[in-house]
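Values in this document were obtained by computation on a predicted structure and should not be read as measured data. Throughout, protein chains are lettered first and strands after them, A, B, ... in sequence-line order, and every chain is numbered starting at 1.
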Amino acid sequence: MKPDDIHRAIGILREETRAWRTPSVTVVAEASRSPFKVLISCIISLRTKDEVTTQSSARLFDRAPTPEAMEGLPAEEVARLIYPAGFYRTKAEQILEISRRLVAEYGGRVPDSLDELLAFRGVGRKTANLVLTLGFGKPGICVDTHVHRICNRWGYVATKNPDATEMALRALLPPEYWIEINDLLVAFGQNLCHPVSPRCSICRLSDLCSRVGVAQSR
DNA sequence: AAAACGGGGGC
DNA sequence: GCCCCAGTTTT
């Protein structure tokens, strides 16, 4: 995989995304420009489907849209509001601890540096980078399951470690592309390059893919 | 009854 | 780097 390839991929995805991207608003897009909502949505989204995350987040933010309001809620209520997302007890604790620390240590604002974000319990590189990109519009490479799967299929990395994928993409592309490539790859993964039964027959990037001819489906 | 949903943290 | 963990929803 070379820089030329990724630039061609970006060009094609820019065109293709109009064809198959679903109009549905993702939870992150909805929470866009509110670093706090991006952050908390990310906690809720762990191991749960996007739609459930969206609904649970909406219910929670309806009740507590800010760190100040959030830290005032009893843990049981937070747990109840996000119940369908699963792991509600752990998530409620993390949400409350983060909210408390935001108020106590940052005056109720979400910090905008990777290191400060990573210092919160429950916040890893994926969440921290998503807060930077979607919450603050700062460059970041956010490797979720979609991005990681696609980069493996394209031969960027041959690892189970998403951090390696993040570093590979950082090295391959200048920062001005980072937000866009993330958006394009996630949409590509959600709509076409699925975990199982990807829609290879309508994919224009199959020459980049190690999967071609192996288990083509549909 | 089993699979799908995806990331963080500990060792 | 590998392995373990948290629960609900869907099939």
Side-chain angles (χ1 to χ4, degrees), chain A residues 22 24-31 35-60 75-102 110-111 113-135 140-153 156-171 181-199 215 217-218:
Chain A
T22 53
S24 71
V25 194
T26 67
V27 60
V28 284
E30 200 173 15
F36 178 66
K37 292 184 178 179
V38 174
L39 177 51
I40 301 303
S41 296
C42 255
I43 301 291
I44 296 174
S45 76
L46 189 73
R47 190 96 177 152
T48 109
K49 293 178 182 174
D50 283 352
E51 199 182 325
V52 179
T53 304
T54 307
Q55 293 165 351
S56 300
S57 302
R59 232 175 305 128
L60 182 62
E76 311 79 61
E77 184 171 2
V78 175
R80 188 174 51 74
L81 290 167
I82 64 173
Y83 178 85
F87 310 109
Y88 46 86
R89 244 164 247 148
T90 309
K91 289 174 181 176
E93 280 173 26
Q94 291 181 348
I95 288 168
L96 286 172
E97 184 184 321
I98 289 171
S99 299
R100 273 185 235 114
R101 289 188 54 190
L102 287 177
V110 176
S113 83
L114 197 61
D115 287 342
E116 286 173 304
L117 287 165
L118 290 173
F120 290 98
R121 195 159 59 91
V123 175
R125 298 195 65 85
K126 182 262 182 178
T127 301
N129 275 298
L130 196 69
V131 171
L132 287 186
T133 56
L134 259 106
I141 294 284
C142 175
V143 178
D144 70 352
T145 180
H146 298 297
V147 175
H148 191 241
R149 178 180 65 254
I150 292 161
C151 287
N152 269 289
R153 284 179 178 168
Y156 269 140
V157 287
T159 172
K160 296 185 118 174
N161 185 1
D163 292 351
T165 301
E166 185 193 327
M167 299 318 162
L169 285 173
R170 281 177 185 273
I181 189 70
N182 249 313
D183 179 58
L184 291 172
L185 290 181
V186 171
F188 181 53
Q190 285 176 334
N191 296 286
L192 195 150
C193 194
H194 297 148
V196 296
S197 305
R199 301 161 67 188
S217 38
R218 231 166 305 192

Round to the nearest Å and state the distance from [X] atom [atom1] to [N] atom [atom2].
X: A:Leu117; N: B:dG9; atom1: CG; atom2: P; result: 12 Å
X: A:Lys91; N: B:dG6; atom1: NZ; atom2: P; result: 11 Å
X: A:Asp163; N: C:dG1; atom1: CG; atom2: P; result: 10 Å
X: A:Leu118; N: B:dG8; atom1: CG; atom2: P; result: 9 Å
X: A:Ile40; N: B:dG8; atom1: CD1; atom2: P; result: 14 Å
X: A:Asp50; N: B:dG7; atom1: CG; atom2: C1'; result: 13 Å
X: A:Phe120; N: B:dG9; atom1: CZ; atom2: C1'; result: 17 Å
X: A:Leu46; N: C:dT8; atom1: CG; atom2: C1'; result: 13 Å

Of the nucleotides [options], which one has an atom closest to the side chain of [X]?
X: A:Arg89; options: C:dG7, C:dT8, B:dG8; answer: C:dG7
X: A:Thr127; options: C:dT9, C:dG7, B:dG8; answer: B:dG8
X: A:Pro84; options: B:dG9, B:dG6, C:dT9; answer: C:dT9
X: A:Lys126; options: B:dG9, C:dT9, B:dG8; answer: B:dG8
X: A:Thr90; options: B:dG9, B:dG7, C:dA6; answer: C:dA6

| query | Starting at the 5' end of DNA chain B and moving along, which residue's nearest nucleotide shows up first, A:Gln94 or A:Pro195? | reply |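 The residue whose closest nucleotide sits nearer the 5' end is A:Pro195.
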| 5' precedence on DNA chain B between A:Lys49 and A:Val123 (nearest-nucleotide basis) |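 Nearer the 5' end of the strand: A:Lys49.
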Give a yes or no answer on whether the side chain of [X] reaches the backbone of [Y] with a donor-acceptor pair at less than 3.5 Å.
X: A:Thr133; Y: A:Leu130; answer: yes
X: A:Arg199; Y: A:Leu192; answer: no
X: A:Lys91; Y: A:Ile44; answer: yes
X: A:Arg125; Y: A:Ile141; answer: no
X: A:Arg121; Y: A:Glu97; answer: no

Within the structure, does a side-chain N or O atom of [X] lie under 4.0 Å from either OP1 or OP2 of [N]?
X: A:Thr48; N: C:dT8; answer: no
X: A:Tyr83; N: C:dG7; answer: no
X: A:Tyr88; N: C:dA6; answer: no

| query | Roughly how far apart, to the nearest Å, are C:dT11 and B:dG6 at atom P? | reply |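 Rounded to whole Å, the distance is 15 Å.
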| What interatomic distance, in whole Å, is found between P of B:dC11 and the corresponding atom of C:dA6? |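 About 15 Å, rounded to a whole number of Å.
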| Take atom CD in A:Glu51; do more than 12 heavy atoms of anything else shown fall under 6.0 Å from it? |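 No, CD of A:Glu51 has 12 or fewer neighbouring heavy atoms, counting only those of other groups under 6.0 Å.
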| said: For a stem of at least 3 consecutive Watson-Crick or G-U pairs with distances under 3.5 Å, i pairing with j, i+1 with j-1 and so on, which stems involve DNA chain B? | reply: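 Stems found: B:1-5 with C:7-11, B:7-11 with C:1-5.
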| Side chains of A:Ile95 and A:Ile82: closer than 4.5 Å at any heavy-atom pair? |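 With C-beta onward as the side chain, the pair touches.
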| Carboxylate-amine/guanidinium proximity below 4.0 Å for A:Arg89 and A:Glu93 |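 Salt bridge flag = no for A:Glu93 with A:Arg89.
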